[in-house]
Amino acid sequence: MSRRPGTGLIDLSSGQITEPLPEGAVRALREAMAAERATAYAPSYGNADLREAVAGHYARRTGAAVDPEQVTVTAGARHGLFAAFAAVAAGGEILVPQPHWSHYPGVIRSAGATAVPVAGDPERGLLVDPGRLDRALTSRTRALLINSPVNPSGACYTRSQMRAVREWAAERDVRLVVDDIYWAYADSVDDQVGVSAREVVVGGASKVHAMAGLRVGWVWAAPEYLAPLREVVEYTTGPVSGLSQSAVAAVLGDTRAVAARAAGLAEMRSHAVRAMSRIPLLTPVPPAGGIYLCLDATEALRHGIYGATDDVGLCRALEQRAGVRLRAGSTFGMPGFLRLCVAEPPQVISDAAGRLAGRLHVVVNGLSSLRSTS
Ligand code: PMP
């Protein structure tokens with residue numbers, strides 16, 4: 001909920017797209033609930049129809065033949081990432097382009113590997129390139145994690161940038177783990193994802209299919225990784241809820257719904273950039289894709305508004321003064337920025353921008369009257 005009932009708070013800090021469950025998913029759920037073995041454990045590595053639907057998706061996207069046997073269903077993409085990291089990099093290092101999703105270091109640590117941040121290039125939307133990756137490479141590097149569109153910045157790797165990254169990884173015998181969770185929310189969709197057997201692809205229903213609460217994700221990986229991946233799944237969550245899997249399997253192939261959601265998100269991003277451009281001292285950094293927008297808070301911090309010395313303090317102050325909750329960029333390795341989720345009705349974003357602009361105009365007027373009297 002973006003508007004917290006009873007508090008007046010507009011909460012744009014988390015990243016979810018909430019929509020009513022689609023008709024097809026409701027029907028599939030009803031059928032699954034009515035089945036004789038509705039309460040039984042689902043098959044260990046996922047329902048056959050879901051694994052086929054996942055394989056079908058990657059086959060359509062890449063033109064490659066995809067074997068459903070190479071798909072393992074996990075409890076959300078988060079658990080898929082955990083299993084992938086444990087399978088390909090336990091005891092070694094994983095290169096993580098920065099900025100990045102706040103949870104990667106913790107998930108990587110839990111999987112027994114070490115996250116090595118690689119600072120993105122400020123001249124190229126904070127994305128990484130072979131030169132930057134080479135400087136971070138050590139004898140312990142096992143994998144490179146790529147997420148595009150990037151949470152939080154919304155930057156997207158182009159096809160040629162992805163090709164360069166893939167060549168780099170292949171030449172240095174580094175595995176690629178692709179966090180594909182936002183894949184549809186980019187202008188140029190990665191059509192080579194997972195085509196090389198050296199790549200492990202993690203996806204899920206949370207973002208592109210707007211079903212975060214059903215906790216369905218997956219890993220698509222070559223046979224050599226299946227045993228270690230499945231061992232992690234077996235000894236951690238066991239099979240994912242069969243009911244959730246039925247709902248997701250029913251809608252995964254609905255390419256029209258995905259395209260409509262992607263078009264809606266593009267409008268939401270543009271609207272949020274326009275709305276937030278009216279706020280003094282905070283500057284939107286237009287995202288190329290994804291579901292987030294970052295605001296550059298350098299000016300606000302330079303003026304020390306509300307006594308804030310960093311993005312964490314500024315976030316706290318804006319929540320208290322303006323009733324708008326954002327996320328501090330430093331949580332994502334992007335200090336000095338604030339992140340908001342744009343996947344909200346336009347009015348909610350406009351209201352949040354209005355509140356922030358109102359408060360910060362008062363502050364700016366105070367600053368200029370101070371200057372004129374000094
Ligand atoms: N990867 C990224 C980049 C994310 O932003 C998130 C959720 N915010 C996830 C993975 C986790 O997805 P899930 O809800 O399917 O676990």
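Both counts, for ligands and for their atoms, begin at 1 and track the order of listing. The structure presented is a predicted model; accordingly, all values stated were derived computationally and were not measured.
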Return the residue, atom name and 0.1 Å-rounded distance of the protein heavy atom closest to [atom].
atom: atom 5 (O) of ligand 1; answer: Tyr182 OH, 2.6 Å
atom: atom 11 (C) of ligand 1; answer: Trp101 CH2, 3.5 Å
atom: atom 13 (P) of ligand 1; answer: Ser206 OG, 3.4 Å

Sidechain N-carboxylate O distance under 4.0 Å for [X], [Y]:
X: Asp190; Y: Arg166; result: yes
X: Asp180; Y: Arg61; result: yes
X: Arg316; Y: Glu319; result: no

For ligand 1, which atoms have a heavy atom of Gly76 less than 4.0 angstrom away?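 Counting from 1, the qualifying ligand atoms are 15 (O), 16 (O).
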Any heavy atom of [X] closer to ligand 1 than 4.0 angstrom?
X: Lys207; answer: yes
X: Gly204; answer: no
X: Arg215; answer: yes

What part of [X], side chain from CB on, backbone N/CA/C/O, both or neither, has a heavy atom under 4.0 Å from ligand 1?
X: Ala77; answer: both
X: His79; answer: neither
X: Tyr104; answer: side chain

Backbone or side-chain N or O of Asn147 under 3.5 Å from ligand 1 N or O: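 In this structure, Asn147 places no N or O atom under 3.5 Å from an N or O of ligand 1.
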Where do Arg51 and Val73 come nearest, in terms of heavy atoms and distance?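 So the two residues come closest at CG-CG2, 3.9 Å.
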Between Phe332 and Trp101 (judged by ring centroids, cut-off 6.0 Å), do the two rings come close enough to count as a pair?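 Ring centroids of Phe332 and Trp101 are no less than 6.0 Å from each other.
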Would you say the ring centers of Trp218 and His57 fall short of 6.0 Å from each other?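 Not close enough - the centres of the two rings lie 6.0 Å or further apart.
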Side chains of Tyr185 and Tyr292, donor plus acceptor under 3.5 Å: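 No - no donor-acceptor pair under 3.5 Å links their side chains.
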Just by distance, no angles: are the side chains of Ser13 and Arg325 close enough, under 3.5 Å, to form a donor-acceptor pair?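 Result is no, nothing qualifies.
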Kindly identify the option in Asn151, Asp179, Asp180 whose heavy atom sits closest to atom 2 (C) of ligand 1.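 Looking at heavy atoms only, the winner is Asp179.
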